[in-house]
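As structure tokens, the structure follows; a few thoughts come after it.
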Amino acid sequence: MEFTLNLHDTPFDVSIILESGQVFRWENKDGWWYGMIDSGVVKVRQDGSSLRCISSTDEINQEYIRTYFRLDEDFEGVLSAIMKDNVINEAIQRFYGLRLIRQPTWECLVSFVIATNSNIPRIRRMISNICRRYGSTVLFEGLEYNLFPTPQALSGATVKDLEECGLGYRAKYVRRVAEAVNNGKVDLSELLIGNYEQGRETLIRKVLGKKDLLGIGPKAADCVLLFSCDKDEAFPIDVWITRAVEKYYKTVVGRELARKLKLRLSGRQNLALGTYDALSSRLRSYFGTYAGYAQQYLFLLARATLAD
DNA sequence: AACCAGGTGAGGA
DNA sequence: TCCTCACATGGT
């Protein structure tokens with residue numbers, strides 16, 4: 001079906017959003033962004049304040065896209081809440097039109113297991129590979145597209161097959177996660193109902209010394225909660241955020257935590273869980289309820305300016 | 001050819 | 001609890 005969304009004058013830049021590293025499946029072809037979401041394919045194109053959409057199924061309608069791009073929220077309110085200093089203000093200017101996406105939780109969860117210790121181009125390739133191998137196909141404009149595989153499809157995959165998709169050592173983690181979701185040990189719909197702390201508990205708790213969700217640590221959990229569960233205070237700390245915080249927010253996190261950040265950057269030491277939580281807690285109380293938005297601006301800023 | 005990438009789990013002090 | 005290290009793979 002075909003429809004157009006009026007963006008009015010809310011900050012919205014579809015290219016910045018879809019290239020921001022929250023999602024890994026959208027592709028730009030001759031002026032349109034093509035995406036595979038849930039059970040269908042959609043292509044979108046922004047002309048100023050209007051977003052044209054053409055989808056393969058009636059399920060992907062106006063309401064669906066508004067929800068996906070979070071056009072149902074008071075974004076100006078978000079911006080004014082996180083504008084705490086010159087660094088974040090300039091990041092907002094530089095990446096004006098960046099928004100958070102509300103993506104399906106299952107796809108988000110698997111994506112950020114795959115994303116660990118990798119880079120965005122390769123993450124895209126790995127995910128594309130598992131979709132081609134395990135996802136069902138949809139016909140759209142005469143071409144076949146692969147949907148994201150279901151928990152059942154992925155839990156039926158062998159570790160060897162997943163390794164052949166280029167997942168490396170993540171293959172066994174993806175399979176364990178798929179099994180946990182498929183057999184009901186983990187209920188992802190809980191994440192939408194509960195608060196941030198409860199969601200974090202569900203994703204990284206340990207059961208009998210063994211994790212249900214192998215491959216999900218604090219950072220991946222925060223990404224899932226922020227990008228797919230409306231937990232806007234989640235503040236994922238990856239290497240780029242580590243750089244940004246070490247450079248611009250030493251005084252916010254304090255001398256001791258800043259020292260740990262520096263150790264991580266130079267000595268390749270990783271952050272202990274307690275250190276990670278202390279850091280994200282400081283940053284959360286500094287930026288407020290929408291800290292996750294600030295995180296996403298800082299992530300883009302760091303990648304643009306803090307690369308070697 | 002080392003080094004890095006939206007980190008995490010296992011094992012030990 | 002924290003720290004150290006291995007870990008697959010592909011790009012620079």
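Below, chain A is the first sequence line, B the second, and so on; all start at residue 1.
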Which nucleotide sits closest to the side chain of A:Lys260: C:dA8, B:dG7, C:dC2?
-> C:dC2
Tell me: CZ of A:Arg122 to C1' of C:dT9, nearest whole Å?
-> 4 Å
For A:Glu164 and C:dG10, what is the distance between atoms CD and P respectively, to the nearest whole Å?
-> 12 Å
Tell me whether the guanidinium CZ or amine NZ of A:Lys29 lies under 6.0 angstrom from the six-membered ring centre of A:Tyr34 and within 45° of its axis.
-> yes
Measure from the side chain of A:Ala272, starting at C-beta and using heavy atoms only, and say which of C:dG10, B:dG7, C:dC3 lies closest.
-> C:dC3
Which nucleotide sits closest to the side chain of A:Trp240: B:dA5, C:dC3, B:dT8?
-> B:dA5
Please state whether the base of B:dG7 and the side chain of A:Tyr276 form at least one donor-acceptor pair under 3.5 Å?
-> no
Classify the nucleic acid contact of A:Gly215 as base, sugar-phosphate or nothing, counting any heavy atom under 4.0 Å across all strands shown.
-> sugar-phosphate
Which one, C:dC3, C:dT9, B:dT8, comes nearest to the side chain of A:Ala220?
-> B:dT8
Could you tell me whether a side-chain N or O of A:Tyr297 sits under 3.5 Å from a main-chain N or O of A:Leu98, the two making a donor and an acceptor?
-> yes
Distance between P atoms of C:dG11 and B:dT8 (Å, rounded) = 24 Å
Separation of C:dC7 C1' from A:Leu167 CG (nearest whole Å) = 14 Å
Compare the minimum distances between each of C:dA8, B:dT8, C:dG11 and the side chain of A:Thr116, then state the nucleotide with the smallest one.
-> B:dT8
Among A:Leu261, A:Leu257, A:Leu263, which residue meets the side-chain contact (heavy atoms from CB on, under 4.5 Å) test with A:Arg259?
-> A:Leu263
With no angle test and no hydrogens, is the base of B:dG9 tied to the side chain of A:Asn270 by a donor-acceptor pair under 3.5 Å?
-> yes
Output the residues of residues 89-103 of chain A in contact with DNA chain B, where contact means a heavy atom of the residue under 4.0 Å from an atom of the strand; sort by number or write none.
-> none
Interatomic distance where CG belongs to A:Leu271 and P belongs to B:dG7 [whole Å] | 11 Å
Select from A:Ile216 and A:Ile123 the residue whose nearest nucleotide in DNA chain B is closer to the 5' end of that strand.
-> A:Ile123
What is the distance from CD1 of A:Ile204 to C1' of B:dT8, rounded to the nearest Å?
-> 11 Å
Might you work through the side-chain contact (heavy atoms from CB on, under 4.5 Å) test for A:Lys262 and A:Lys250, ending with a clear yes or no?
-> CA-CA 10 Å; A:Lys262 197 158 209 159; A:Lys250 280 184 187 172; 4.2 Å; yes
Kindly assign one of parallel, tilted or perpendicular to the pair A:Phe227 and A:Phe112, based on the angle between their ring planes and the thresholds 30° and 60°.
-> tilted
Base, sugar-phosphate alone, or nothing: which one does A:Arg170 contact when heavy atoms must sit under 4.0 Å apart?
-> base
Length of the line joining A:Tyr173:OH and C:dT9:P, which is rounded to integer Å = 14 Å
Going by side-chain heavy atoms closer than 4.5 Å, which hydrophobic residues are tied to A:Phe12, directly or by a chain of links?
-> A:Met1, A:Phe3, A:Leu5, A:Leu7, A:Val14, A:Ile17, A:Leu18, A:Val23, A:Trp26, A:Trp33, A:Ile37, A:Val42, A:Val44, A:Leu51, A:Ile60, A:Tyr64, A:Ile65, A:Tyr68, A:Phe69, A:Leu71, A:Ile101
Nearest-Å distance once atom P is located in both B:dA2 and C:dA6 | 16 Å
Picking from B:dA5, B:dA10, B:dG7, the nucleotide nearest the side-chain atoms of A:Arg264 would be B:dG7
Walk me through it: do A:Asp222 and A:Tyr196 pass the test side-chain hydrogen bond (donor to acceptor under 3.5 Å, both in side chains)?
-> CA-CA 9 Å; A:Asp222 280 340; A:Tyr196 171 69; 2.6 Å; yes
Do the side-chain N or O atoms of A:Arg243 get closer than 4.0 angstrom to the phosphate oxygens (OP1, OP2) of B:dA5?
-> yes
Please report, rounded to the nearest Å, how far the C1' atom of C:dC7 is from the CG atom of A:Leu214.
-> 13 Å
Identify whether any heavy atom of A:Ser20 sits under 4.0 Å from a base atom; if not, whether one sits that close to sugar-phosphate; answer base, sugar-phosphate or nothing.
-> base
Interatomic distance, A:Tyr169 OH vs B:dA5 P [rounded to whole Å] | 13 Å
Residue pair A:Gln22, A:Ser20: steps toward the side-chain hydrogen bond (donor to acceptor under 3.5 Å, both in side chains) verdict = CA-CA 6 Å; A:Gln22 302 175 62; A:Ser20 68; 3.0 Å; yes
